[in-house]
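Written below as structure tokens is the structure these notes are about.
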Amino acid sequence: MSNKPEKFIDEDGLRLDGRRFDEIRPMKMEIGVLSRADGSCYLEWGNNKVLAAVYGPRELHPRRLQRSDTAIIRYRYNMASFSVEDRIRPGPNRRSTEISKVSREAFDPVVMTSFYPGAVIDVFAEVLQADAGTRTAAINAATMALADAGVPMKGLVAACAVGKVDDQLVLDLNKDEDNYGQADLPIAFTQDGDITLVQMDGNLTQEEFREGVELAKKGCEQIFELQRKTLMQKFGNLEELETEEETEALTEEVKASEELSTAEEAEIEEEVLEEEEIAEEAEQEEVEAEEETVQEAEEESEDEAEESIAEIEEEIEEIDELEEIEAIEEDYAEEESEEEDLKGESDEH
Amino acid sequence: MSTEVMSKLKRDYIYNLMLKEQREDGRSFDELRNIVLETNVVDKAEGSAKVQYGDTQVMVGVKLQVGTPFPDSADEGVIITSLELNPIASPNFEAGPPKEAAIEMARVVDRGIRESGAIDLKKLCITEGEEVWMVFIDIHVLNDGGNIMDASSIGAIAALMTTTIPAEREGHGKDISMPIRDMPIGVTLFTIGRQLMVDPSLDEEAVCDTKFTIVSNQDGSISGMQKSGEGSLSHEQLLEAVDIACKKAADIRENYLLNI
């Protein structure tokens with residue numbers, strides 16, 4: 001039942017869909033498409049249709065997953081059951097679990113998670129129509145949704161796959177190239193040129209891999225350009241406004257700090273005078289006063305801490321019970337689908 | 001909370017050692033831990049291997065069954081790889097269905113074996129479209145001493161190399177040995193700061209920025225890759241890692257697999 005094409009690249013160097021080896025499929029994207037989400041993006045790439053949404057930063061439940069020094073990112077890659085030719089069973093499977101994990105890790109290096117301790121940034125990527133390269137399409141959409149949500153990032157992330165067909169490297173595999181090709185190498189880049197996602201299956205020599213990374217980088221640069229354009233369309237006219245406001249705020253700050261410093265200077269002068277006059281007396285008083293304040297502060301903070309700990313413990317107990325029940329239910333659901341998933345290991349989209 | 005503090009301290013410790021070009025167990029940056037490989041450790045399995053990779057212990061069993069092929073590959077056998085992070089192996093593992101870490105590792109091992117063509121799947125076909133051999137590769141982690149990934153990778157191919165197809169038992173002629181064509185080996189590198197090192201120990205694995213696994217074959221080609229972890233890799237690191245991994249894989253193949 002194999003529909004493998006005899007040749008992937010013709011004499012003129014054109015691929016089955018008429019592209020050259022270093023061209024990506026036409027891509028278009030739109031942001032702010034979902035009203036309830038904090039940020040969203042709809043992206044079409046060739047025949048892929050992907051929707052990404054960001055909720056958060058928001059408080060993370062279950063609480064035991066919270067991290068006191070940073071926010072965590074949750075990424076859910078999900079394929080609609082009707083997105084592929086043969087219906088797939090809805091819900092997570094082994095493939096989507098792995099993709100969700102590596103995609104989340106593709107964003108960890110760029111999202112400034114340390115700004116939101118205890119929080120979660122939820123990224124949901126729904127594949128509505130799949131046609132090879134859905135994980136890279138989802139990442140490109142997710143970047144835009146994060147930017148749309150105003151989540152602080154060190155830069156954008158773009159992802160693109162390189163593959164091998166007819167012993168030649170090609171950029172951005174189409175469905176046939178993906179199904180019957182010799183290799184698939186999805187890579188995500190940051191704008192600084194760092195690599196935040198690499199996966200590979202198939203067969204590549206080291207030399208081909210080296211060239212492949214270069215090729216993927218070229219693809220990602222085109223995507224960055226489009227992402228930037230899309231963001232500028234929505235936020236470009238805000239830029240001037242914001243800068244004006246910022247400058248105003250800054251000037252005020254500077255003024256305030258200047259005033260402060262003159263006040264401080266005056267204080268210091270006074271102090272110097274006083275010290276000269278009654279140095280010994282003052283020293284003694286100061287020491288006493290300090291001791292007192294330290295004691296008071298200690299007592300206060302202990303009280304506060306005890307109170308808040310008690311409060312938190314109560315809350316945790318309540319929530320934990322609920323969560324455990326949920327977790328157990330989930331486990332059961334997963335176990336059921338496990339067997340079926342294993343069989344489909346080789347199916348890649 | 002305490003684990004977070006511990007991991008910060010540990011990271012500082014391992015990072016500072018790295019600045020002095022040292023590792024906590026005295027290895028150099030590109031030195032693997034000691035590997036002990038035993039094969040045919042379980043008689044009931046069609047093929048099996050036990051791997052000790054430093055402190056890490058992994059057992060791999062291969063079982064075969066007759067089943068139906070996938071419609072899109074009617075003349076090929078089927079590979080099914082699963083990995084269980086058994087709660088016996090670490091206080092951090094829980095019983096229950098595999099979580100993402102286990103699924104990820106199983107799929108990387110699977111990809112390496114599948115894509116390298118290590119098993120000649122056409123030879124596992126009994127009747128086209130009806131009956132083929134299904135190869136179950138089950139990886140059982142017994143002790144987590146870090147780098148379960150690489151231990152599993154060696155264990156899987158070693159177990160396959162010792163596998164006999166139980167044709168007689170199932171009434172399909174004489175027993176034959178598994179048609180193995182290649183020996184894919186996964187080697188994991190990790191980064192702390194900007195330094196690349198091979199084969200993370202338990203502590204190193206807990207505090208590293210990024211792990212990067214490369215599965216390479218006898219001819220030096222690559223058949224699987226996976227970046228894992230919250231950090232990123234620079235372009236240079238990526239290429240250097242591939243270079244180191246292929247060399248290390250060749251060493252492992254020569255020292256442990258060729259005499260099976």
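The model shown is predicted, which means the values in this text are computed figures rather than measured ones. Reminder, nothing fancy here: chain letters follow the sequence lines and each chain counts from 1.
In plain terms, the two heavy atoms of B:Glu170 and B:Trp133 that are nearest each other are CG-CH2, 3.6 Å. Closest non-hydrogen pair, A:Tyr116 versus A:Pro152, comes out as OH-CD, 3.3 Å. The shortest non-hydrogen separation linking B:Ala106 to B:Thr81 is O-CG2, 3.8 Å.
Under the 4.0 Å criterion applied to side-chain N and carboxylate O atoms, B:Asp182 and B:Arg253 are not assigned as salt-bridge partners. Using a 4.0 Å cut-off between charged nitrogen and carboxylate oxygen, A:Arg104 and B:Glu100 count as a salt-bridge pair. Using a cut-off of 4.0 Å between Lys/Arg side-chain N and Asp/Glu carboxylate O, B:Lys227 and A:Glu105 are scored as not salt-bridged.
Most heavy-atom pairs under 4.5 Å with chain B: of the set A:Gln182, A:Glu214, A:Glu207, this distinction falls to A:Glu214. Of the listed residues (A:Asp192, A:Thr97, A:Asn203, A:Val110), the one with the most heavy-atom contacts under 4.5 Å to chain B is A:Asn203. Comparing B:Ser221, B:Ser116, B:Ala101, B:Ser234 by heavy-atom pairs within less than 4.5 Å of chain A, the highest count is held by B:Ser221. Most heavy-atom pairs under 4.5 Å with chain B: of the set A:Thr205, A:Thr190, A:Asp108, this distinction falls to A:Asp108. Among the candidates B:Ser228, B:Gly229, B:Gly129, the residue making the largest number of heavy-atom pairs closer than 4.5 Å to chain A is B:Gly229.
Looking at A:Ala183, neither its backbone nor its side chain comes within 4.5 Å of chain B, counting heavy atoms on both sides. Using a 4.5 Å cut-off between heavy atoms, A:Val198 contacts chain B through both its backbone and its side chain. Heavy atoms of B:Asp243 lying under 4.5 Å from chain A belong to its backbone as well as its side chain. At a 4.5 Å heavy-atom cutoff, A:Ile73 makes no contact with chain B through either its backbone or its side chain.
For A:Leu65, the CG atom is densely surrounded, since the number of other residues' heavy atoms within 6.0 Å is greater than 12.
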